[in-house]
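Notes follow once the structure below has been shown.
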Amino acid sequence: MNSAKPSAAAYAPGRVNLIGEHTDYNSGTAVPMTISMGTEVRYEAGGDQLVVESDLERSAAVVISPCVEIESLVPWVRLCAALVRIAAPGLTGRIAVTSSLPSGAGLASSAALGVAMCLAVGVKPEPITLAQVCQKAEEAVGVPSGLMDPLVVAASLPDHALLIDFAELSTRAIELPEDLEIVVVDSGERRTLSSSVYAERRAECEAAASRLGVPLGLAPQDAPGAIGDPVLRGRARHVVSEVRRVGTFVDALGAGDYETAGGALIESHRSLRDDFGVSTPALDALVEEACSMEAVYGARLTGAGLGGCIIALCRPGAKLDLGTQLWRVRPGGAAHKLAPLA
Ligand code: GLA
């Protein structure tokens with residue numbers, strides 16, 4: 001008799017966003033790409049309870065009972081519990097999570113966990129479906145994030161970044177030239193999205209959009225000028241100008257004009273700092289130092305901001321000694337199922 005328990009495993013990468021920040025929940029555009037660090041989830045069915053274990057926070061295995069109060073769990077277990085409730089209610093067995101992604105560094109560790117877990121527990125491997133399940137789970141744990149992270153994690157192609165249009169929910173692979181290097185520099189500042197001003201920014205964007213009668217990502221360039229409130233005007237100006245910079249960046253990359261592509265990154269950082277209010281002195285200092293280097297075309301904070309990492313667009317082999325942890329990254333592929341362990 002075969003007593004093997006059914007099992008499944010999946011891997012999902014983290015991501016950096018090249019440009020298009022805080023545009024996803026505004027029906028705008030962005031150009032993220034996956035990286036080679038990521039998260040693996042192994043699931044083994046059986047038993048009458050669900051146990052999760054991980055190397056993430058050196059925590060012991062945790063039993064997730066169907067009636068557990070989600071708020072009482074540590075963040076990564078809370079997300080697992082929310083995902084199971086949405087994607088596979090009543091699931092029993094053992095889920096083991098391992099990850100090479102630093103959490104709170106703005107490299108989409110939550111999306112990697114979410115997508116890998118969805119694939120391991122049998123959610124349809126269709127990028128939009130995966131991304132929407134992950135977004136719902138994030139909402140359930142109090143993080144009203146957009147679709148960018150889980151969508152790029154689920155839909156990327158190797159050696160390409162992904163241009164995403166969030167109004168149409170369409171994607172286009174953008175080849176990343178071999179003679180460009182993306183360097184990710186960690187500021188060491190950690191943040192959790194739920195405790196950040198992310199939800200506040202989202203609400204401000206919604207307020208600005210309702211004054212304009214159109215989502216900010218689809219508004220004309222001069223539209224923000226009509227908003228009386230200076231804070232809301234700044235938030236709108238960031239989103240509207242960021243969507244324009246996404247177009248500039250993609251065109252410049254295609255034309256091999258790396259100075260212009262880098263310039264778009266620098267402007268994006270200024271806009272996130274001055275109009276959107278999500279930079280920090282540490283991120284500003286790293287961007288400034290990186291941009292003063294000969295081999296750097298441009299740099300900006302990546303992800304939600306308020307800590308985490310910057311990216312620098314560089315000539316290959318650039319020596320970026322900024323005194324902090326850095327990674328040279330190439331676009332990885334998408335999340336996928338793994339052969340289960342025998
Ligand atoms: C976080 C969110 C994304 C996106 C970025 C900012 O990574 O999860 O949905 O809003 O911030 O661009």
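Quick note: residue numbers are just sequence positions, from 1. Just the heavy atoms: all of them, side chains too, but no hydrogens, waters or symmetry mates, feed the values below. Both ligands and their constituent atoms are indexed starting at 1 by order of listing. All values derive from a computational prediction rather than experimental measurement.
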Q) Would a distance-only check, ignoring hydrogens and angles, find a side-chain to backbone donor-acceptor pair under 3.5 Å from Glu40 to Tyr11? A) no
Q | Part of Arg202 within contact of ligand 1 (heavy atoms, under 4.0 Å) | A | neither
**Q.** Asn26 side chain to Gly28 backbone, donor-acceptor under 3.5 Å
**A.** no
(Q) As an exercise, identify every atom of ligand 1 less than 4.0 angstrom from a heavy atom of Tyr25. (A) 10 (O)
Only pairs under 3.5 Å count here: list side-chain donor-acceptor contacts from residues 152-161, not counting sequence neighbours, and write none if there are none.
from: Ser156; atom 1: OG; to: Val152; atom 2: O; distance (Å): 3.0
from: His160; atom 1: ND1; to: Pro158; atom 2: O; distance (Å): 2.8

Q) Is a side-chain N or O of Arg235 found less than 3.5 angstrom from the main chain of Ala207, in a donor-acceptor match? A) no
Q.
Using a 4.0 Å cutoff against the non-hydrogen atoms of Gly146, which atoms of ligand 1 qualify?
A. 9 (O)
Q | Mutual orientation of the aromatic rings belonging to Phe276 and His238 [parallel < 30°, tilted 30-60°, perpendicular > 60°] | A | tilted
(Q) Under a 4.0 angstrom heavy-atom cut-off, which atoms of ligand 1 come close to Glu21? (A) 6 (C), 12 (O)
Q. For residues 274-287, which residue pairs qualify under salt bridge (charged side-chain N to carboxylate O under 4.0 Å, His left out), counting only residues two or more places apart or in two chains?
A. Arg237-Asp275
Q: Pull out every atom of ligand 1 sitting under 4.0 Å from any heavy atom of Met148, numbered as shown with elements.
A: 4 (C), 5 (C), 12 (O)
Q: For Asp24, counting its heavy atoms only, list the atoms of ligand 1 lying under 4.0 Å from any of them.
A: 3 (C), 4 (C), 9 (O), 10 (O)
Q | Under 4.0 Å to a heavy atom of Arg15 - the qualifying atoms of ligand 1, by number | A | 7 (O)
**Q.** Min N/O separation Thr23 to ligand 1 under 3.5 Å
**A.** no
